[in-house]
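Worksheet: the structure to be examined is printed underneath.
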Amino acid sequence: MNALVRLFSRPWIWSWGAAFVIWFATIMVTGGASTLGLTQAALTFAAFSIIVGLGQMFVITLGPGNIDLSVPATMTLAGTVALKFMNVENGMILPGLAVAVLIGVAVGIGNYALIKALRIPPIIATLSMSFIVQSAAIWTNRGLRIKPPSFLADFTTSATLGVPNLALVALALSLLSWLVLEKTVYGRWISAIGQSMPAARMAGIPVDGVRFITYVFCAVLAALAGYLLACFSGGAALNMGSEYLLMSIAVVVIGGTAVAGGDSNVPGIWGASLFMFLVVSMLNTYGLGAGIRLIMTGLIIISVILLAGGRKPGAR
Amino acid sequence: MMVHSRKAVIEVADARVSFGAVKALDGATLAIMPGECVGLVGHNGAGKSTIVSVINGGLTPHEGTLSGDGEPLARYGVNAARAMGVRCVFQELSLCPNLTVAENTRLMHRRIGGFGWRSRACAVIEESLDAVFPGHRIAGDRTVGELSIAERQMVEIAMAFSDAGVAPRLVILDEPTSSLDASLAEQMLAHVRRFVAAGGAVILISHILGEILSTADRIVVMKDGRIVADRPADAFSENSLVETMGSVVRQEGARGRSQDFSGAPPVLEWTGGGLPFRARRGEVVGLAGLAGHGQTAMLMRLHAANSSDWLPRRDPAVTFVAGDRRLNGVFELWSILRNFSIASLGDLSRLGLVRSDREGVRGADWRKRIEIRTPDMENRILSLSGGNQQKVLFARALATRAPVVLMDDPMRGVDVGTKQEVYEIVRQEAAGGRTFVWYSTEMEEVCLCDRVYVFREGAIVAELAGDAVSEDNILAASFERGAA
């Protein structure tokens, strides 16, 4: 009984529960025929939300007002430039990855430079940055659609032991993020800054350094997600990141991370990402019209947040 | 006496409140008569704040009854208490920092409404400020966030005494003078006496025993959730009060270390307006003067100049003990242990990973050393009483290797016994070569320092050393030229 109570006090349990219910409701309609296919598709598509969600979670943990709206533009630019740079050659895969990461680093530096040097609030700074980045993507792309190197195309679309490779990548990144947040000095610092910036400063935490690294980390994860998404979908498109603006924030919130900062939650991101994909596919399976689908999606998300909102913040 | 023939404003009978295993209130009975000032004293965690919450309706006792004017109060809550004229000034300042003084007044007085409420609220609060703190210089349209901590407390006190429809009948003052300097505290206590003489009732909670003895008519001593003594104030002396509270008065001689530090290497220097600031190795330097005259700003500058916002330092140069706990002290979501260890994580980690075994050992060590009253360091920091939270902040700073400790009036709301313990630790650490820069609003603490800088209007105006450190000299320097 006590174990059950403890389980329900975990902030991530709600997103996991919701994801499971939707998953179950969907396979019941198809009589269980689509179980494996649906699960694999969910894991594959959720992987992108997980990767960008992790970065956004780090930024949101920094406290009220911290958010990165440049995620979609960064994804697009990184995907476009990396594919162009690799030019369908398998030998260029690693240099291409390095280019994507460098783009992430550059966007992150730009974001924090705007926030700090020009004292622009993060929401405005990252939004303006995203216009610059998106324009750069349009300029490099010029309507060309370059295919990914064959090895990468195969890797991103296949599975190992039944688990999609992309989900494995997301898992590795999640474990890394969890380790950083829970076990390292840097993780403690982020959480401290999110709870009270003046107190963090007076406790001797290098506040600007930590925030800078965090914005860079978020942009790098977005770039990585863009690189993988471009390879997965057989080429970069200029609108490929657009859906991930709200998605990256939604999975953080539904996953049980405190919007006010200071308290993050890695497992919740998984539950929320799977949930977001499954809701859409369930409504598709039921054959509902687009309008009804959007309304239902909204209603379901609101109810999950309401349910999860009833919990008390747990002691840590 | 005529006073006692009247009915009690509020009477609490045999109240019991427990939080988990902790009995915060264990059968307390207290009646407050009109026209009396009741002093309420006790250690941190003795149950003072709990009984106050019961009286102001914030907390319903698990057992026991409440009555007002002789009638039992069945459905008592914060609003019912306000309607009866019960007002409370909290230990933790509770004004909204983003609103103006007048707007905060409106929040408290529901009856101020309709067109022109701002100017009426302004008039109400300014009238009350004029009555309590003549010559206060606080305008009703100032935003609370811009006010100094002392001014915020003045507003809060004035608000409790203000009258907009419902006249105050019982005002509860919980550590009202902790952020006020001596002259403001005196103004406030004088107002308390006037208010009581006019038939009002006051509950005064303070760790400054002189205040209680001089102001209260009756003194109630609490210990472990019970009332252990309830006698007229004349029956107590400072010593007998401390004895009743159960803490041992440690006879503390004169500073006893009138050492000469002129040979010691300076570790911290600052030149701004006024006299230059310099602190030497092993010295306890006091910052004195009236509250809010630039002492905290000085500590912030010293901290900023000696720490980096961009790169972590392997060997921290300074560490800081906050006085305004909620603003720049505690991390509210965290456990006691995490709050304690945050400043010394560099020593408790390897390759960037926090070694939780060493963290736990060091936490347990300090918990014993300064007696943080908690069954488990993993409990949330907010489960501790204010004084114990302050101890955690002390432990946080002292556990670092920083050679300089900056203290921003850290003894706010800390009980007498703990203060003595902390003074002892400060003395030991200073003897070991640590430097302390200590801002305090309490004269007794300033007089413990080896050397004192007196501040006035943001600048250092006097430097006192050795035997020249005395209450008279400090007051003289603070008030010179008729400032303030």
Side-chain angles (χ1 to χ4, degrees), chain A residues 6 9 11 60-64 109 112-113 115-117 176 178-216 256-265 311-316, chain B residues 299-300 303-304 306-313 315-356 359 376 378-383 393 396-397 400-402 406 408:
Chain A
R6 255 210 312 281
S9 67
I60 288 177
T61 304
L62 283 177
I109 293 176
Y112 200 64
I115 294 170
K116 188 68 194 173
L176 180 74
W178 180 82
L179 187 78
V180 166
L181 277 171
E182 298 292 325
K183 300 289 171 191
T184 65
V185 175
Y186 167 73
R188 288 276 178 96
W189 283 348
I190 295 184
S191 171
I193 293 171
Q195 293 172 65
S196 165
M197 193 132 76
R201 190 167 275 136
M202 298 325 274
I205 296 170
V207 173
D208 283 317
V210 172
R211 292 180 74 203
F212 170 68
I213 295 289
T214 308
Y215 273 92
V216 169
T257 292
V259 188
D263 191 11
S264 46
N265 193 315
R311 73 197 143 81
K312 296 232 165 65
R316 292 197 307 156
Chain B
L299 290 175
M300 297 279 181
H303 186 270
N306 291 283
S307 57
S308 167
D309 267 352
W310 286 92
L311 290 173
R313 289 179 83 128
D315 298 302
V318 292
T319 180
F320 182 83
V321 185
D324 194 342
R325 281 195 295 280
R326 286 224 305 221
L327 175 69
N328 52 19
V330 299
F331 298 106
E332 299 189 346
L333 299 176
W334 270 355
S335 67
I336 302 165
L337 184 61
R338 284 188 174 211
N339 264 289
F340 156 73
S341 65
I342 183 70
S344 43
L345 286 178
D347 299 342
L348 300 170
S349 62
R350 212 178 50 195
L351 301 173
L353 293 175
V354 179
R355 299 187 51 180
S356 52
E359 187 187 14
D376 189 352
E378 294 292 337
N379 286 348
R380 295 188 76 186
I381 184 83
L382 294 184
S383 71
L393 296 186
R396 179 199 286 173
T400 64
R401 283 180 294 114
L406 307 174
D408 179 19

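All values below were derived from every heavy atom in this structure, side-chain atoms included, with hydrogens, water molecules and symmetry-related copies excluded. Just so you know, these numbers come straight off a predicted model, no measurement behind them. The chains referred to below are lettered A, B, ... by the order of the sequence lines, with proteins before strands, and numbering in each begins at 1.
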Answer yes or no: is there a donor N or O on one side and an acceptor on the other, between the side chain of [X] and the main chain of [Y], under 3.5 Å?
{"X": "B:Asn339", "Y": "B:Phe331", "answer": "yes"}
{"X": "A:Ser191", "Y": "A:Gly262", "answer": "yes"}
{"X": "B:Ser344", "Y": "B:Asp347", "answer": "no"}

- request: Indicate yes or no: at least one non-hydrogen side-chain atom of A:Trp189 is less than 4.5 angstrom from one of B:Pro312.
  value: yes

With a 4.5 angstrom heavy-atom cut-off, which part of [X] approaches chain A: side chain, backbone, both or neither?
{"X": "B:Ser383", "answer": "neither"}
{"X": "B:Pro316", "answer": "neither"}
{"X": "B:Thr319", "answer": "neither"}
{"X": "B:Leu311", "answer": "backbone"}

For each of [options], tally heavy-atom pairs with chain A at distances under 4.5 Å, and name the one with the top tally.
{"options": "B:Leu351, B:Val330, B:Val318, B:Leu353", "value": "B:Leu353"}
{"options": "B:Arg355, B:Met300, B:His303", "value": "B:His303"}
{"options": "B:Leu337, B:Leu327, B:Val321, B:Leu382", "value": "B:Leu327"}
{"options": "B:Asn306, B:Asp309, B:Leu348, B:Asn328", "value": "B:Asp309"}

- prompt: With B:Arg396, which residues qualify under salt bridge (charged side-chain N to carboxylate O under 4.0 Å, His left out), at least two apart?
  reply: none

query: Quick one: of A:Ala192, A:Gly187, A:Ala200, A:Ser196, who has the most non-hydrogen atom pairs under 4.5 Å with chain B?
result: A:Ala192

field: Heavy-atom proximity to chain B below 4.5 Å, by part of A:Ala258
entry: neither

statement: Residue set satisfying side chain to side chain donor-acceptor pair (under 3.5 Å) with B:Asp376, at least two apart, ordered chain then number -> none

- request: May I ask you to check whether A:Tyr112 and A:Thr214 show a side-chain donor-acceptor distance below 3.5 Å?
  value: no

